[in-house]
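Just so it is clear: chains get the letters A, B, ... in the order the sequence lines come, proteins before strands, and each one is counted from 1.
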Protein chains: 2
Amino acid sequence: MVNEPAAPPARPRNRRGEGGRLREEIVAAAVELLDENGDEGAITLRSVARRVGIAAPSIYRHFPDQPAIMLAVVQQAFAQLEAQLRTALDAADDDPRRRLFAVCHAYLRFAQDHPQRYRTMFGGVWMPALQGTSVTRSDVASLGDTCIRLLTDALGECVTAGHAGGTDPHADAVALWLGLHGLAHQRAVTVAYPWPPDIADRMITTLAHLRDT
Amino acid sequence: MVNEPAAPPARPRNRRGEGGRLREEIVAAAVELLDENGDEGAITLRSVARRVGIAAPSIYRHFPDQPAIMLAVVQQAFAQLEAQLRTALDAADDDPRRRLFAVCHAYLRFAQDHPQRYRTMFGGVWMPALQGTSVTRSDVASLGDTCIRLLTDALGECVTAGHAGGTDPHADAVALWLGLHGLAHQRAVTVAYPWPPDIADRMITTLAHLRDT
DNA sequence: TCCTTATGCTAACGGTCGTAAGTTTACTTC
DNA sequence: GAAGTAAACTTACGACCGTTAGCATAAGGA
């Protein structure tokens, strides 16, 4: 838990118009602390300031609150997840089946590559902690919507192409996402568990009601 | 966040041999704080002591650490979940199909009735926080095993009776639990989301590979 | 060159936390 | 009634936290 007890990196002051750059550095430092310590409680005003190499009150130029930093971290993480899903879709060919697997595996890969971030994104330390802070409920309400839509669309393509059968495409999409989330979250939480090797593909195939090839 | 700023409930001291009763009171108070504030960070040595009506250091008679309280809370929660699953199984008849649904719905009901507890049980604030504390990794390793076995057995009965088909019963059981966990966890985290009404039965039926009746 | 102003810092306050050391209270036994 | 001891308390220390108020410094246009 010791974070540079006395680390004066002699940080150069930003140029006149580039003060906002410090905001990115703050968020990046917060993400670093989260990834290293694995505990969102490690993201504190002072710890972030230490990591960046600035004085703690200097953060108030860029964030009104400490929860505002957390919100920025989570927003950035969701943007990264969305970008990763889009990249996977762009790299895939036109087969709806392969596109569905691509986006699902990209989702799972994000959670596996950044378990602490995933845990924080969906851990729900929000509703309680943001009482009386600058973070409003609407800031956090629609955070994962775009990512879920990408998944829903990919499943819809499969249904349209006749590769997937199901009585209710929307409910199936929700179920598929819930299954992915269960796997992703549990993988992010437990150190090492003997998962069946093909557990991901099994869940995707089953929940998407994919027909045998 | 104000917890009895000065609440002297004039707690009577326990009788000579019943000092261990305070331990139960401490755990109960910790659970109360968790359920009310919804944040495991609300379980602190001093807040628990205030709630019980004792001085903070008095806790050290019964717990070596603050993490030890958290461990006790989680252990108790897992015991409650297990008891709830067994109760549901005992109340069910002999039809394997109905027994499977009974245990699955009991699982989901626990998460819905005690969302903060569920979040804490599976939230994984463990691996990081127990560094250098009295809580060892083995204390937390096999916490949910019994509950998962109850689920696995219920699915196994369905397979044996021919009500469920699947190529790998163990993998299917894991997948079923992951699906339940995804739904339970997400329900415990989000305030209100328009879930498809029959989402639970859909996931259970699909992941268990239940045959049409 | 000087003045404005964005940028970041120092100092400080009040609060909470975990924990150690030593002490008081009251039950039980003799 | 005396003694022993379990049960719980008081006091205190050091650390970290979020936040406020005011100050220094340097960039860049006039």
Side-chain donor-acceptor contacts of residues 72-80 of chain A below 3.5 Å, not counting sequence neighbours, with atom names and distances?
unit_1  : atom_1 : unit_2   : atom_2 : d
A:Gln80 : OE1    : A:Arg117 : NH1    : 3.0

Test salt bridge (charged side-chain N to carboxylate O under 4.0 Å, His left out) applied to B:Asp90 - qualifying residues, sequence neighbours left out: none

Between D:dC17 (P) and A:Asp65 (CG): distance, integer Å: 16 Å

B:Arg50 vs C:dC17: side-chain N/O to OP1/OP2 distance below 4.0 Å: yes

N/O (side chain, A:Thr44) to phosphate O (OP1/OP2, D:dG18) under 4.0 Å: yes

Sequence-distant partners of B:Arg109, salt bridge (charged side-chain N to carboxylate O under 4.0 Å, His left out), two or more places apart: none

Whether A:Trp195 and A:Tyr193 hold their rings parallel, tilted or perpendicular, with breakpoints at 30° and 60°: tilted

Listing, residues 139-156 of chain B side-chain donor-acceptor contacts under 3.5 Å, not counting sequence neighbours, or none:
unit_1   : atom_1 : unit_2   : atom_2 : d
B:Asp139 : OD2    : B:Thr136 : N      : 3.0
B:Asp139 : OD2    : B:Thr136 : OG1    : 3.3
B:Thr152 : OG1    : B:Ile148 : O      : 2.8

Euclidean distance, atom CD1 of residue B:Ile26 to atom C1' of D:dA7 [Å, nearest integer]: 12 Å

Residues forming a salt bridge (charged side-chain N to carboxylate O under 4.0 Å, His left out) with A:Arg99, sequence neighbours excluded: A:Glu157

From B:Leu100 atom CG to B:His105 atom NE2, the distance as rounded to the nearest 0.5 Å: 9.5 Å

Between P of C:dC17 and CD1 of B:Ile69, the distance in whole Å: 12 Å

Nearest-angstrom distance from the residue atom CD of A:Glu25 to P of C:dT7: 13 Å

B:Tyr60 side chain near C:dA20 phosphate (N/O to OP1/OP2, under 4.0 Å): no

Tabulate atom names and distances for all N/O pairs under 3.5 angstrom spanning the protein and nucleotides 9-12 of chain C.
unit_1 : atom_1 : unit_2  : atom_2 : d
C:dC9  : OP2    : A:Ala55 : N      : 2.8
C:dC9  : OP2    : A:Ser58 : OG     : 2.5

Protein-nucleotide distance (B:Leu45, atom CG; D:dC9, atom P), rounded to Å: 14 Å

Interatomic distance, B:Ile43 CD1 vs C:dT16 C1' [rounded to whole Å]: 17 Å

Distance, rounded to the nearest Å, where A:Arg51 contributes CZ and D:dC17 contributes P: 13 Å

Spacing between A:Ile59 atom CD1 and D:dT20 atom C1', to the nearest angstrom: 15 Å

Residue A:Leu22, side-chain heavy atoms: nucleotide from C:dG18, D:dG18, C:dG8 that is nearest: C:dG8

